[in-house]
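Numbers for residues simply follow the sequence, beginning at 1.
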Amino acid sequence: MSASLDTPAPTASASTAVVSKAVGSQTAGSGASVGTAAPAVSGVPTQTELLDFVRRTADDTELVATLPLDPEGRTWIRLDGPAGSEAWIISWPPGTGTGWHDHGGSYGAFATAEGALQEDSLAARLPTEGWKTLELAEGVDRERKLTKGDARAFGSHHVHEVRNESDSEHAVSVHAYYPPLPLMRRYSRTGAVLRLEQVERPQEWQ
């Protein structure tokens, strides 16, 4: 999970998947309960409902505490979010980040439960097909810092990177996506030039 986070990325061998279960069930292999979240909303979840979910889950200190922290790499717990959405609790050791990526057409939300995260994003809708490198226009960069208790929602074309810039403190965050991530596109960036590097499928991080 070396890179995404927004959702876990599988490329760093030091990262550890702790569980892939619904909230309220037992963890697979750890033996610890992953707690209880509010019942799922019927139908398709809105961005507001996903935002409410990640905020409530981030406030659940007992649930967040079930995630073991590893100084060598990110760890995560997979949860069932509202109305068929996919959710994750993810830890960020000092100095770790996702790299630039999108969410394969899914929309979502994330909240910081512990520590602080820096998000850089693009206020631009990128074409999803037919390019390998793209020069970004001036003025599309956005940045924000999300400290404990902060949260944000994002649309289906969101492209960003997330980092824990602390040199000593772990961060923990909660993320939710709908529909569950079908893929993630990973990008490198040099100045204004964005380059598509890899397309990841769910089997690579679950």
Rounded distance (nearest 0.5 Å) linking atom [atom1] of [X] with atom [atom2] of [Y]:
{"X": "Asn164", "Y": "Glu114", "atom1": "CG", "atom2": "CD", "value": "12.0 Å"}
{"X": "Ile89", "Y": "Asp60", "atom1": "CD1", "atom2": "CG", "value": "7.5 Å"}
{"X": "Leu126", "Y": "Trp100", "atom1": "CG", "atom2": "CH2", "value": "9.5 Å"}
{"X": "Arg55", "Y": "Phe110", "atom1": "CZ", "atom2": "CZ", "value": "12.0 Å"}
{"X": "Arg195", "Y": "Leu134", "atom1": "CZ", "atom2": "CG", "value": "12.5 Å"}
{"X": "Trp88", "Y": "Tyr177", "atom1": "CH2", "atom2": "OH", "value": "9.0 Å"}

Please give me the minimum heavy-atom distance between [X] and [Y], naming the atom from each residue.
{"X": "Val44", "Y": "Ala83", "value": "C-CB, 4.5 Å"}
{"X": "Pro82", "Y": "Glu49", "value": "CG-O, 4.4 Å"}
{"X": "Ala111", "Y": "Ala58", "value": "CB-CB, 4.1 Å"}
{"X": "Leu50", "Y": "Pro45", "value": "CD2-CB, 4.0 Å"}
{"X": "Leu51", "Y": "Ala153", "value": "CD1-N, 3.8 Å"}
{"X": "Thr75", "Y": "Pro68", "value": "OG1-O, 2.6 Å"}

Verdict with reasoning, Trp92 to Thr98, per side-chain contact (heavy atoms from CB on, under 4.5 Å): CA-CA 10 Å; Trp92 307 72; Thr98 65; 3.3 Å; yes
Tell me whether Leu196 is reachable from Val140 by hopping between hydrophobic residues (I, L, V, M, F, W, Y) whose side-chain heavy atoms are closer than 4.5 Å. yes
Transitively linked via ILVMFWY side-chain contacts under 4.5 Å: Val64 with Val54? yes
Quick one: sort the Tyr178 and Tyr107 rings into parallel, tilted or perpendicular, breaks at 30° and 60°. tilted
Please work out whether the ring planes of His101 and His103 are parallel, tilted or perpendicular, with thresholds of 30° and 60°. perpendicular
Please evaluate residues Leu146 and Val162 with respect to the criterion side-chain contact (heavy atoms from CB on, under 4.5 Å), reporting the C-alpha separation (whole Å), side-chain torsions for both, the decisive distance (0.1 Å), and the verdict. CA-CA 10 Å; Leu146 292 93; Val162 181; over 6 Å; no
Check whether any side-chain N or O of Ser106 sits under 3.5 Å from a backbone N or O of Pro179 as a donor-acceptor pair, and report yes or no. yes
Side chain to side chain contact (heavy atoms under 4.5 Å, CB included) against Ser121, all qualifying residues, sequence neighbours excluded: Glu119, Arg142, Arg152, His158, His160
Between Ile90 and Leu67, is a side-chain contact (heavy atoms from CB on, under 4.5 Å) present by the stated rule, with each step listed? CA-CA 8 Å; Ile90 301 176; Leu67 179 64; 5.7 Å; no
Between Asp120 and Arg163, does any NZ, NE, NH1 or NH2 come within less than 4.0 Å of an OD or OE carboxylate oxygen? yes
Assess whether a salt bridge exists between Arg189 and Asp141, defined as any Lys/Arg side-chain N lying under 4.0 Å from an Asp/Glu carboxylate O. yes
If you define the side chain from C-beta out and look only at heavy atoms, does anything of [X] sit under 4.5 Å from [Y]?
{"X": "Lys145", "Y": "Asp150", "result": "no"}
{"X": "His170", "Y": "Pro94", "result": "yes"}
{"X": "Leu194", "Y": "Trp131", "result": "yes"}

